[in-house]
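Below is one structure, written out as C-alpha cells; comments come after it.
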Amino acid sequence: MLQSLQDIVLVSLFFGISWLLLSLSQRWAKSKTRLSIPRIGLDPKVVGIEACKQDFLINGYKYVQEGYKKYKDSMYLVQTADMERIVLSNKFVEELRVLPESKLSTRFAMCERHLGHYTTLDVVLLSHLQNDVCKVHLTQNMPRLIPGLLDESGYAFEQQLGDVTAESWTDKHGHTTILDCITHLASRAFVNKPLCRNPSWLETATGYTLDVFALAGVLRDRSWLIRPLLYLTSSARTKLHSRFKLANSLVGPILQSRMREQQSDNDEKPADLLQWLLENAQGDDRSPERLIHKLLFICLASIHTSTMSACHALYDLCQYPEYAEPLRQEIKGAIREHGSLTYAAINNLRRLDSFIKESQRINHPGSLSFNRKVLENIQLSDGTLLPKGSFITMPTAAISMDPQYYPNPQEFRPWRYFDLRSEKEENANRYQFTSTSASSLPFGHGKFACPGRFFAAGQIKLLLAMIILHYDVKWPEGQVTRPQNVYIDERIGPNRDQIVCFRQRKEEELPLMIPNNIPSS
Ligand code: HEM
C-alpha cells in the first residue's frame, strides 16, 4: 500500500516537473523571437507584464489611436490586456483574409486571448458547428424566423415598455431595455417558446458571457504558473459552473425529447437554432452537454454585441430626431408593399440599414478586430515575417474614422451608405450593414467574418422598426448631447446609465404588421 502511494507521488512529481520544464522552454523559445516592430504603450520588459496589462485596460483605446496616427500604413506592437499583438495596417487584410485556418486562426486567437481552457471557450476548437449553423441555417431560415421574432418583440415590449402611454413621456434605461428585447428575440430564434420566456433562461443567456469575462479577468493578468490554483479557488469559476448546470437543466429535457422525436417519422421539425445544432452535430458534438455548450457560446457571441449596435442606434434616434420620420415612412412603405414586416420587407429598409451602419461606424464595438493567431510563419507582401505563435489584429475603430475612407468622418450622416448604394447599380448590394471590407471591419472580414451578422442585421432592424413605428423617443429634459461611450480595455460600449424617454404613438397611425398565424415552434 505504502509502496504504491510512493509510486503515485513519484510519477506525479515526474509529470509535474516535465510539464514545468516544457512550458518554460516554450516560453523561452517564444521570447527569443523578438520582432523589430515599433511599440506603442508600455513595454513589459521595462514595467512588467502585469502592469502593462492593467495599464491597457485604461489606456488601450488611446494607444491604438496613437499607433494608427504613426503607423497606419505599416504595423506596431502593443501589449494588450491579454496578449502582445501586432496591429497591422488594413492594406494587408486582402492577402490575410484568404489564408487557411491552418495558418491563421480566429478560433485559436479567441480561445487563447480569453483563456478558453479555463473559461470554457475552448468548445469552439472542438468543431465548426457553431459557425456553420449560424452561417448557413440561421441565415437561410430568416424568412421563417421573422413572424416569431415579431411576436416576441410584441411580448418584450409588453414586458419592458408596457407602462408607456401616448399621453406623457416615460423614462426607461436605454441599455437595459434594448438588452432585454434582444435577449428575447435571440432566445426566440435559438430555443423557441416556451423557454425563450423563462426568466431563468433569459438570465442564463446573458449571464454566461458575464461569467466567462469575469473569470478571464481574474486570471489573465496573473502568471500562468499560479493560474491553475487561482482557478480552482475562484468564485467566478463556481459561478460559471453553476450557470452550466442550470443551462443543462433548462435545455437538456428539450433536447432529450427532440432526440426521441428525431427517431420518429414526424416531419414537423421545430425551426430554431437548437434544432439545427442537433441536426447538424457529428460525433461527440451530439451529446446534450456539448450542444448546450455550443448554444451558450452562440449566446455569448450574439446577445451583447447586437445589443450594443441596437442601443447605439437608439441613442442616435434621440440625438437626431429629424431622421425618425423618413425612417418611419420607409418602414410603412415596406409594410404596405409586402403586407407585413416580412424578411423581404426588412431587407428593403435601405435607409434604416444605412442608419444602423453609420451608427456602428462611429460607435465601433471595439478598437481592434480581425484578431488571429499565426499558426505558421507568414511572409507578408512587404517582406515582414509574422512569426508562428504571434497574434495579429487591426485597428478597426480608427480605420472607420479615417477621412481617407469616410469624408467628414466625425459627422453622423445617416444616409451615407444609402447614397452609396443608390449611386450605381453595381453598388446595390454593397455597403450594407452586413457588408465587410478593408475599411469596414466591425464583423471582421473574409472566410471567418462573423457568421451571425445576417441574423444580427435582421433582428436589429426588426427591433428598431418596431420602436420607430410604435414610439417616439427623446433624451430627458435638458439633455442635448449623446452620452460619451465607455472605453474599457479594447471594448467600446454605449453608456449603460443613459435614460431614454418613450411615448407611445397614436394607435390610428399604426399599420397592421403582426401576422395572425405565428408558428409557435
Ligand atoms: C452587431 C452584432 C455583432 C458583431 C459586431 C459581431 C462581431 C463579430 C466578430 C468581429 C467576430 C470575429 C470575426 C473575425 O475575426 O473575422 C465574430 C465572430 C462570431 N460571431 Fe459575431 N457579431 C455580432 C453578432 C453575432 C450574432 C447575432 C451571432 C449569432 C447569431 C454571432 C455569431 C458569431 C460566431 C459564432 C462567431 C465565431 C465564429 C467562429 O467560430 O470562428 N455574431 N462576430
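Nothing fancy with the numbering, it's 1 onward along the sequence. Atoms within a ligand are numbered from 1 in the order they appear, just like the ligands themselves.
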Residue [X] vicinity, atoms of ligand 1 by number, heavy atom under 4.0 Å:
{"X": "Pro442", "result": "5 (C), 7 (C), 10 (C)"}
{"X": "Phe448", "result": "13 (C), 14 (C), 16 (O)"}
{"X": "Leu138", "result": "30 (C)"}
{"X": "Arg107", "result": "40 (O), 41 (O)"}
{"X": "Thr106", "result": "15 (O)"}
{"X": "Ala449", "result": "16 (O)"}
{"X": "Phe297", "result": "35 (C)"}
{"X": "Phe190", "result": "30 (C)"}

**Study point:** Geometric cation-pi criterion, Lys172 with Phe502: 6.0 Å, 45°
**Key:**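 No.
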
Check your understanding: Within 45° of the six-membered ring axis of Tyr76 and under 6.0 Å from that ring's centre, is NZ or CZ of Arg39 located there?
Key -> no

Point to revise | Lys/Arg N to Asp/Glu carboxylate O, Arg188 vs Asp151, below 4.0 Å | key: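 A salt bridge links Arg188 with Asp151.
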
Check your understanding: Is any side-chain N of the basic residue among Glu376 and Lys388 closer than 4.0 Å to the acidic one's carboxylate O?
Key ->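 Here Glu376 does not pair with Lys388 in a salt bridge, since their nearest N and O are not under 4.0 Å apart.
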
Nearest protein heavy atom to [atom], by residue and atom, and its distance?
{"atom": "atom 1 (C) of ligand 1", "value": "Ser309 OG, 3.5 Å"}
{"atom": "atom 41 (O) of ligand 1", "value": "Asn131 ND2, 3.4 Å"}
{"atom": "atom 40 (O) of ligand 1", "value": "Gln130 NE2, 3.4 Å"}

Please state whether the rings of [X] and [Y] are parallel, tilted or perpendicular, taking 30° and 60° as the class boundaries.
{"X": "Tyr487", "Y": "Tyr61", "answer": "tilted"}
{"X": "Phe355", "Y": "Phe412", "answer": "perpendicular"}
{"X": "Phe418", "Y": "Trp415", "answer": "perpendicular"}

Review point. Taking atom types as modelled and ignoring hydrogens, do the side chains of Tyr315 and Asn485 form a donor-acceptor contact shorter than 3.5 angstrom?
Key: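 No, no side-chain donor-acceptor pair sits under 3.5 Å.
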
Exercise for review: Please determine, by modelled atom types, if Lys373 and Thr106 share a side-chain donor-acceptor pair under 3.5 angstrom.
Suggested key: no

Review point. How about His175 and Gln498: do any of their side-chain heavy atoms sit closer than 4.5 Å?
Key: no

Review point. Taking side chain as C-beta onward, heavy atoms only, is Met142 less than 4.5 Å from Phe455?
Key: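 Yes; the side chains approach each other to less than 4.5 Å.
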
Check your understanding: Strictly under 4.0 Å, does any heavy atom of Val124 approach an atom of ligand 1?
Key ->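 False for this residue.
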
Check your understanding: So is Arg372 close enough to ligand 1, meaning a heavy atom under 4.0 angstrom away?
Key ->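 Contact present.
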
Review item, side-chain donor-acceptor pairs of residues 346-353, under 3.5 Å, at least two apart:
from	atom 1	to	atom 2	distance (Å)
Asn348	ND2	His338	NE2	3.1
Asp353	OD1	Phe433	N	2.7
Asp353	OD2	Lys461	NZ	2.9

Review point. Any idea how many protein N, O or S atoms are nearer than 2.8 Å to atom 21 (Fe) of ligand 1?
Key: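 Number of qualifying protein atoms: 1.
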
